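Have a look at the structure below before the remarks.
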Amino acid sequence: MIGRDLLGTEDLDRADIERILETAEHMREIGRRAIKKVPTLRGRTIVNLFFESSTRTKSSFEIAGKRLSADVINFAASSSSLKKSESILDTARNLDAMDPDAVVVRHAVAGVPKQIADVLSAPVINAGDGAHEHPTQALLDLLTVRREKGRIDGLTIAIIGDILHSRVARSNIYAFRKMGAEVRVAGPPQMIPAAIETLGVKAFTSLREAIDGVDVVMALRIQNERLTGTYLPSVREYSATYGIDREKLKFAKDDAIVMHPGPVNRGVELSHDLTDHRPGVILDQVRNGVAIRMAVLYLLSGRPQDGDPRVDLGSGEEK
Amino acid sequence: MTSQQPETQPNTRPPSGGRVVMDDVAIRRALMRIAHEILERCEDLEHLYLVAIPNGGVPLARQLAANFKQIADVDVVVGILDTTLYRDDLKIKAERPRLRETEMPSAVDDRIVILVDDVLKTGRTIRAAMDALMDFGRPSSVQVVGLVDRGHRELPIKLDYVGKNVPTQPDEEVRMSGSDGNLDGALEVVVMPGEPESSGGTR
């Protein structure tokens, strides 16, 4: 049983994750059809409420909604009344008055999707809030790994980069741990949160130790524009120490895959030769992103029972 | 009708409270007869395309394809089409039904599509299947095979080929299953008594 909303992978249990992945596997097939559309959410309205700029996540949700025949409306912060100093909650209440069936929220401040969910009657899906969570990214990463490796249980994943500011890292740590994987994190010491071990991960400052024998290397994007000067003395130094290249990848398992949530800073997180080495995995992440978002929209679109705000996913078995 | 044990499958026994209306032998005979009927009606064998509705339709369609091979030495394509996302009750249901496999190996344009399902009741699944099929192309015609027709139609849908007509109460449950829990082995169709609070099938 998952909540009415999807605010983070921290709230999901293993059965919820399995159900979402299984549903997404079937959604992938729709993307291969000549007519990439099913009538499932016909007449439903999905609002993309993006207070922070995003191209691929917003497009991914938009495509997902449209493939399910929903009407998708994009609200960008720059064009909305937030510029006219309306408060977030007032925006949310006004939105609610338009009776959307689902609202996808991205905001630079952690916790805003939850605040909005508390006043909306429609389900809220977190598309990234500050350094808190980005659950659909973690779910698409799980799907990508499972399709590549055939399982998640028992694998070792190394997440490399700015763990401190990364909602992708946080959501992936919860999700991969729940699915039985070992998770390691590595990055410059100032980018590793102090109590990260309490999430059940091993922290490294040595990249070589972190990726020793791992099945998956996940490089995070270095947010150049935000970090240079304060957290990161030099991008070149970062790249030399933590950038993944063919040489460093030798310490991982021979069949290790390299992932990246995108967009890749070529030559920083991943070397040029690696960006072009099996680029299929990173593009598969994008493809799987649409399928995961279709699955989440489908699963959260059940009509809640009166008085119970939670949607019972149940087993889904036909009686 | 009383329950009967197929002689070739000593392990097969009906679940408690259910009556077996078709055993493995009866199902195989019906599929052989239906294969002959299809061949009789369709002159253009190259254009046949069997499309199974999961889960029950899949082993039936595969058996039909094997029968075509045996009778007429033709290879008929078998596709699998899940109708879940086309259901007409998704707007009113709280629970999200589990999706099943869709695998359509070739285009349906200008093909004679034979939809294959195990148990037919309301006709709503066939309605959904036809809508789904049209998203894959434009078949030259669509025909329907149902192993068991239990009546209680709610839409103007009729079967072109029927394994067996089985009169039932609306609240009874009719299910095709493998005796060992999967659909690869021996099959049987069982009628289960309705439960007091049964939500009723939509097949």
Side-chain angles (χ1 to χ4, degrees), chain A residues 1-2 4 6 15-16 18-45 64 67-70 101-102 123 291-292 294-319, chain B residues 53-56 79-109 117-119 121 124-125 127-138 171-177 192 194-195 197-203:
Chain A
M1 196 172 196
I2 79 172
R4 184 198 61 166
L6 177 63
D16 296 329
E18 300 267 12
R19 181 84 202 277
I20 295 168
L21 296 183
E22 184 204 307
T23 305
E25 286 283 358
H26 295 298
M27 293 297 186
R28 274 177 58 97
E29 183 269 332
I30 295 167
R32 294 196 297 267
R33 298 183 187 177
I35 296 177
K36 300 177 182 59
K37 210 178 193 47
V38 291
T40 315
L41 298 185
R42 197 164 66 89
R44 308 270 190 125
T45 306
R67 284 193 181 164
L68 293 169
S69 296
D101 296 286
I292 281 288
M294 288 172 77
V296 167
L297 289 171
Y298 169 67
L299 291 171
L300 292 184
S301 67
R303 191 195 190 90
Q305 298 295 350
D306 288 342
D308 184 357
R310 290 160 73 86
V311 177
D312 186 1
L313 291 184
S315 64
E317 293 301 341
E318 288 299 297
K319 290 180 195 72
Chain B
I53 298 173
N55 296 314
I80 300 172
L81 185 61
D82 179 30
T83 58
T84 307
L85 293 170
Y86 291 80
R87 286 168 63 143
D88 58 8
D89 57 354
L90 292 174
K91 279 192 250 343
I92 52 174
K93 277 174 91 99
E95 193 165 301
R96 302 287 79 185
R98 194 173 283 271
L99 305 186
R100 290 170 294 192
E101 185 188 6
T102 292
E103 182 61 52
M104 297 288 282
S106 51
V108 302
D109 294 316
D117 201 0
D118 51 0
V119 180
K121 188 185 177 191
R124 290 182 190 270
T125 299
R127 195 284 309 163
M130 285 195 287
D131 275 2
L133 203 53
M134 299 308 158
D135 280 356
F136 282 88
R138 185 180 185 280
D171 63 343
E172 283 177 318
E173 189 185 330
V174 182
R175 182 186 293 176
M176 189 186 79
S177 59
M192 308 285 288
E195 291 163 30
E197 278 296 293
S198 172
S199 58
T202 56
R203 311 302 295 262

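The chains referred to below are lettered A, B, ... by the order of the sequence lines, with proteins before strands, and numbering in each begins at 1. What you are looking at is a predicted structure, and each value in this text was computed from that prediction instead of being measured.
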Which answer fits Leu41(A), side chain, backbone, both or neither, if we ask what part of it has an atom under 4.5 Å from a heavy atom of chain B? neither

Quick one: what part of Glu22(A) sits under 4.5 Å from any heavy atom of chain B, side chain, backbone, both or neither? side chain

For Met176(B) and Val119(B), work out which heavy atoms get closest and say how close. N-CG2, 4.4 Å

For chain A, which of Thr84(B), Leu99(B), Asp131(B), Asp82(B) has the most heavy-atom pairs under 4.5 Å? Leu99(B)

Just do the side chain to side chain contact (heavy atoms under 4.5 Å, CB included) check on Met27(A) and Leu68(A) with the steps written out, would you? CA-CA 10 Å; Met27(A) 293 297 186; Leu68(A) 293 169; 4.1 Å; yes

For Glu29(A), the side chain to side chain contact (heavy atoms under 4.5 Å, CB included) test, sequence neighbours excluded, returns Arg32(A), Arg33(A), Thr102(B), Phe136(B)

Set of side chain to side chain contact (heavy atoms under 4.5 Å, CB included) partners for Lys36(A), sequence neighbours left out: Arg67(A)

